[in-house]
Structures are given as structure tokens and as C-alpha cells.
Amino acid sequence: KFSWLDNLFEYLSDSFRPIMGALLGASLFITFMALMGSMGIIGNWADSRIILPPSWQFVNLAWQCVFYFLPLLVAYNATKRLNADPWVGFSVMAVVMLPAFTELGKAAHPLALGGFKVNVVDVFGLPLTIFNYGSQVFPPLIMAAILAPLYKWLKKIISPNVQMIFVPFLTMLIMIPLTAFLIGPIGVYAGAGLANGLKAVNDVSPFIFAVLIPLLYPFMVPLGLHWPLNAVMLLNIQTLGYDYIQGPMGAWNFACFGVVGAVMVISFREKNNAMRQVSIGAFAAGILGGVSEPSLYGILLRFRRSYYRLLPGCAVGGAIIGIFDVRAEAFVFTSALTTGAMTPQLGYVLGITAAFL
């Protein structure tokens with residue numbers, strides 16, 4: 001009945017599984033930074049408004065490098081998963097991540113499009129929307145899904161004698177402008193549109209919003225749609241003095257960590273060394289660093305029953321957090337070390353505990 005959903009999960013899992021080592025390594029750096037922040041050694045390292053000393057800025061780069069260039073890693077793996085040349089997919093996505101692409105924004109003019117304010121520059125008479133594609137995951141996934149059939153079709157119609165030259169060239173000739181002008185903005189707009197929709201729901205009913213957010217996050221994170229919400233969280237804190245997304249998001253995180261914790265216990269009981277290593281790293285990164293990606297890509301997307309079983313925890317934890325109307329007073333990663341940023345703290349602790357159990 002759900003073969004299309006299975007295929008989607010396989011596509012997502014195969015796109016991220018090869019980079020699990022890098023994600024786990026980066027997540028441990030995040031855990032370390034969160035620990036230093038909770039001890040007061042450094043400021044809120046996750047808040048872009050706070051300037052860390054140069055030494056700590058350098059340490060911060062250790063995890064930022066993986067997550068910023070995640071679109072390139074995903075583009076490579078997704079294209080390879082669909083049996084096309086992965087380096088062609090990598091190269092196509094790399095174009096919109098070049099510093100020179102962002103520099104085009106200096107010549108851009110603002111434009112209102114569908115309720116969004118974007119920077120647009122004219123390229124050969126066509127409007128090119130300039131975005132920062134760092135950490136975006138949805139655009140490379142869409143790009144690879146379109147690039148692969150195009151690549152295979154070109155291999156069929158071009159003589160084998162010249163395929164090495166003309167298949168990559170024609171693929172890039174078509175996909176680079178298509179990604180820059182259409183696919184990339186669609187992915188970013190999808191994330192921004194979702195954020196605006198969530199704000200509208202919260203304005204109507206904070207309780208419904210608190211239940212909805214943790215139930216949506218398991219499906220938003222694999223598509224990269226959760227990244228734009230970080231900007232919304234910071235904007236909320238700047239304008240409102242608090243944020244209404246991070247509290248309910250904690251229910252998703254701790255439901256996720258609860259499942260991974262159970263997998264860790266089972267791996268010890270069954271003496272499964274491979275899963276023990278993955279689950280320990282993912283669990284530590286989650287509980288101490290508030291990072292769900294290692295759990296998601298290392299376990300949940302690989303074992304779908306565990307993925308579905310975290311949803312009740314999301315709902316129960318979100319409901320409790322919604323009853324207490326939990327709000328965040330600072331931008332933090334929702335981990336065991338950052339509960340002090342939530343108000344009321346008791347309601348938040350009860351919610352994440354229920355989600356975890």
C-alpha cells in the first residue's frame with residue numbers, strides 16, 4: 001500500500017547514511033559547545049548575534065563546516081543513489097553555494113513575491129533570486145531527483161564515444177540554471193511558507209500548535225524544512241522577547257532520543273557492536289547537544305518501525321507542553337543542558353520527560 005513512502009524513505013536514508021560519520025563527529029562538537037555554554041565559559045554559541053572570542057569561533061567551525069556544506073554532501077549521495085554521476089550532482093549544487101553567487105546579491109533589488117521579500121538580480125533578462133543555501137537540504141534532494149533521469153536519457157541518445165564529455169556538460173548546462181532559477185528557490189520558499197503557516201496556527205491556538213510541531217518535525221527534518229525555522233526563532237526572540245517554537249520542538253527531540261535510548265539498550269543486550277556505536281553517539285549528541293540528525297539518519301530512517309513509534313511520544317509531550325504554554329527566552333538547542341531557557345521550566349521538563357518515556 002505504501003510503496004511510494006518506502007521508496008521515499010529509502011531515498012532519504014541512502015542520501016544521508018554515508019555521511020553519518022561526519023554528522024556524528026560534528027554533533028559531538030556541538031555537544032561540547034553546548035556544555036561550555038551551560039557552564040558559562042562562553043556565551044550562547046548558537047545565537048548568531050553573540051560574537052565569540054576567535055579561539056572559540058575556530059572551535060565552532062568544526063561543526064559548522066559539516067552542516068553548512070550539507071547540501072553538497074546530500075547532492076552527491078542523492079545523485080549516486082539514483083545511479084547518476086554523483087560528482088555532476090555535487091557540481092551543480094556547488095554553483096549556488098559559491099561565495100561569488102552570494103556576492104551577486106550586492107547588485108540585486110528587493111522584490112515582493114507571494115508575500116515574501118526576496119533579493120533578485122537580472123541575469124540575461126531573467127530574475128535570479130539570491131539565497132544563502134548553506135544547510136539547505138530540500139533543494140539538493142529535488143535537484144538530484146530531476147538530474148538523474150536527465151542524465152540517463154542523455155546517455156541513451158549520445159554516442160558512447162563522446163559520453164564522457166557531453167553527458168556531464170549537457171547535464172550541467174541544463175541543471176545549473178534550472179537549480180539556480182527554479183529548484184533552489186522552490187525549496188527555500190517551501191520552508192519559509194511552512195514557517196508562516198505554523199505562526200498562523202500558533203496565533204489561533206498555542207495548544208494545537210504545541211501538538212502539531214513535534215508531529216511535523218519528524219517529516220520536516222529529513223527534507224531540511226526545519227532549518228528556516230531557526231531564523232524564525234531568532235526573529236521571535238528579537239521582536240517578541242520569547243519564542244513559541246523551541247518548547248514544542250523539545251517534545252520531538254526527546255521522543256526521538258527516547259527511541260534511540262531504547263535502541264541503545266537493545267544493542268547492549270544483543271551485543272550488536274555496530275548499532276551500539278551508532279546509538280551511543282546519537283544518544284549522547286541528542287541528550288547533551290540537542291541534535292536530532294544523528295538519531296534520525298543513523299537509526300530512525302533506517303528502521304522505519306522505530307520511526308513511526310516515536311510519534312506517540314511527540315503527541316503526548318507536545319500536549320503537556322501546550323497545556324503549560326511553554327516558551328523559550330533564548331535561542332538554544334533543546335537538550336538536557338538547556339532546560340533553564342524555558343518558561344515555565346516545570347511544564348517543559350514534564351513534557352520532554354513524557355515524550356522520552
Side-chain angles (χ1 to χ4, degrees), residues 5-35 62-74 76-78 80-81 86 135 137 140-141 214 217-224 226-227 249-314 333-337 352 355-357:
L5 186 60
D6 290 338
N7 291 334
L8 176 60
F9 275 147
E10 288 179 3
Y11 176 55
L12 295 174
S13 178
D14 291 343
S15 297
F16 289 98
R17 186 183 303 163
I19 56 177
M20 268 307 304
L23 288 171
L24 286 170
S27 65
L28 291 180
F29 275 102
I30 294 177
T31 302
F32 175 72
M33 294 296 291
L35 181 61
W63 72 266
Q64 287 181 349
C65 64
V66 177
F67 286 97
Y68 180 83
F69 291 109
L70 193 59
L72 299 179
L73 307 180
V74 172
Y76 178 94
N77 291 325
K80 184 178 182 179
R81 168 65 177 79
S135 301
V137 180
L141 288 172
Y217 250 79
F219 305 98
M220 293 165 56
V221 175
L223 298 176
H226 65 301
W227 291 110
M249 184 181 70
W252 135 254
N253 269 358
F254 278 85
C256 177
F257 307 150
V259 172
V260 173
V263 171
M264 181 176 63
V265 172
I266 294 172
S267 69
F268 274 94
R269 187 176 65 197
E270 298 185 352
K271 298 180 180 180
N272 187 328
N273 292 330
M275 187 51 60
R276 184 187 306 170
Q277 293 178 10
V278 173
S279 59
I280 290 175
F283 185 77
I287 290 294
L288 300 178
V291 183
S292 60
E293 281 83 355
S295 302
L296 180 68
Y297 304 135
I299 296 174
L300 298 176
L301 283 176
R302 293 172 60 187
F303 304 99
R304 294 160 205 162
R305 290 185 179 179
S306 67
Y307 194 77
Y308 300 141
R309 287 176 181 175
L310 66 85
L311 297 179
C314 293
F333 278 64
T334 49
S335 70
L337 301 176
I352 62 176
F356 182 86
L357 294 177

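Since this is a predicted model, take the numbers as computed values, not measurements.
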For this session: Quick one: pull up CD in Gln277 and CG in Asn272 and give me the separation to the nearest 0.5 Å.
Result: 9.5 Å

Exercise. How close do Lys80 and Pro86 get, heavy atom to heavy atom, and via which atoms?
Worked result: CB-CB, 3.8 Å

For this session: Run the numbers on Tyr217 and Cys314 for side-chain contact (heavy atoms from CB on, under 4.5 Å), then give the verdict.
Result: CA-CA 9 Å; Tyr217 250 79; Cys314 293; over 6 Å; no

Problem set entry | Residue pair Ser295 / Val259, side-chain heavy-atom distance below 4.5 Å | no

Exercise. Can you tell if the side chain of Ser335 reaches within under 4.5 Å of the side chain of Leu288, non-hydrogen atoms only?
Worked result: no

Exercise. How many angstroms lie between CG in Asn77 and CG in Leu72, if you round to the nearest 0.5 Å?
Worked result: 11.0 Å

Exercise. Tell me, do Ile299 and Val278 make a side-chain contact under 4.5 Å, heavy atoms counted?
Worked result: yes

For this session: Please state whether the rings of Phe283 and Phe356 are parallel, tilted or perpendicular, taking 30° and 60° as the class boundaries.
Result: tilted

Exercise. Hey, mind stepping through Val66 and Ile19 against side-chain contact (heavy atoms from CB on, under 4.5 Å) and telling me if it holds?
Worked result: CA-CA 9 Å; Val66 177; Ile19 56 177; over 6 Å; no

Exercise. Less than 4.5 Å apart, any side-chain heavy atom of Ile280 and any of Phe268?
Worked result: yes

Problem set entry | Spacing of Ile352 atom CD1 and Trp252 atom CH2 [to the nearest 0.5 Å] | 15.0 Å

Exercise. Should we say atom CZ of Arg309 is surrounded by more than 12 heavy atoms from elsewhere, each under 6.0 Å from it?
Worked result: no

